[in-house]
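Read the structure below first, then the notes.
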Amino acid sequence: MSRIVYVNGAYLPEEEATVSVFDRGFLMADGVYEVTSVLGGKLVDFDGHAARLARSLAELDMVQPISHEALLAAHRELVARNGIEEGLVYLQITRGNPGDRDFAFPDPETTTGTVVMFTQNKPGLADSPAAKVGMKVISIPDLRWRRRDIKTVQLLYPSMGKMAAKAEGADDAWFVEDGKVTEGTSNNAYIVKNGRIITRELSQDILHGITRAAVLRFAAEAQMEVEERSFTIDEAKEADEAFVTSATAFVMPVVEIDGAKIGAGTPGRVAARLREIYLEESLKAAI
Ligand code: PDD
């Protein structure tokens, strides 16, 4: 059975869904996106993702072509129509199709944004075997643009990072800039030293992860110590634990960085505890 996807208000079988060759998302990577996970058939932190979407659009002078309520309804409709229990909803909004190629932004009065949504079914996402083994990461220079706080669809360099990691037998890459770790290709990066959770402070250098915000809140509630500051790869290699967070990985332990084992080279207790709390609380609060 083919997936039902959403394009500009219509629910269509994926084979019938189309977007123009002149769409600015296709020609200019002029678009933003969100990934919201689904647990127990419900949306995790939808309001957080919707708020970041509105911010990304505003930072790029894009008009939001769909209301918050319509966005939520469409997410729920797709989850229901595709029978998703565990997985995700991908949402992309581009500046639309002006009917030709031009560097200048089109007039938003005449060119409305393109809205696309689809689901990815991932049974067993919460009980992922990868979380029990942990990930290996490599470090690479952060060559992305300087507005990483905007969740744009310009993902070529992160894709290259993922490929560089695979080529070295690792799972993912951590970006390094001015000697400090910024974040992972598609996740926020953390280390744990003497019980303290350390993660880079928010700025235009990193994406303001929705999972990051939730995990730091849960950590504080569980009386864990959190320090928001940048750290070097050498400091990470000397850490007791490392992990990443994202809407699809939740809390995922990192057991090796550039070939160096972190702690005992197995998933750490802080990461495991945070993953447990995050999944439990997210499932409870999902809508
Ligand atoms: N990526 N940093 C980057 C560069 C990301 O691409 C992501 C998310 C995150 C974590 O953000 P959040 O916790 O809100 O998912 C951090 C998504 C999952 C993706 O591109 O598929």
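Position 1 is the first residue of the sequence, and the numbers go up from there. Just so you know, these numbers use all the heavy atoms, side chains as well, and skip hydrogens, waters and symmetry mates. Every number for a ligand or one of its atoms is a count from 1 in the order of the listing.
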Parallel, tilted or perpendicular: rings of Phe243 and Tyr190 (30°, 60°): parallel
Under 3.5 Å, side chain of Asn187 to main-chain N/O of Ser246, donor-acceptor pair present? no
Thr182 and Glu177 side chains, donor-acceptor separation under 3.5 Å: no
N/O donor-acceptor pair under 3.5 Å between Asn82 side chain and Leu78 backbone: yes
Do side-chain atoms of Thr211 reach the backbone of Ala247 as a donor and acceptor pair under 3.5 angstrom? yes
Note down each nitrogen or oxygen pair, ligand 1 side and protein side, whose separation is under 3.5 Å; give only atom names and the distance to 0.1 Å.
residue, atom, partner, partner atom, Å
ligand 1, 1 (N), Lys151, NZ, 3.3
ligand 1, 1 (N), Ser186, O, 3.3
ligand 1, 2 (N), Glu183, OE1, 2.7
ligand 1, 13 (O), Ile210, N, 3.4
ligand 1, 13 (O), Thr211, N, 3.0
ligand 1, 13 (O), Thr211, OG1, 2.6
ligand 1, 14 (O), Arg52, NH1, 2.8
ligand 1, 14 (O), Arg52, NH2, 2.9
ligand 1, 14 (O), Ile210, N, 2.8
ligand 1, 15 (O), Ala247, N, 2.8
ligand 1, 20 (O), Tyr33, OH, 2.6

Under the ring pair (Phe, Tyr, Trp, His ring centres under 6.0 Å) definition, can you give me all pairs with a residue in residues 116-139, not counting sequence neighbours? Tyr90-Phe118
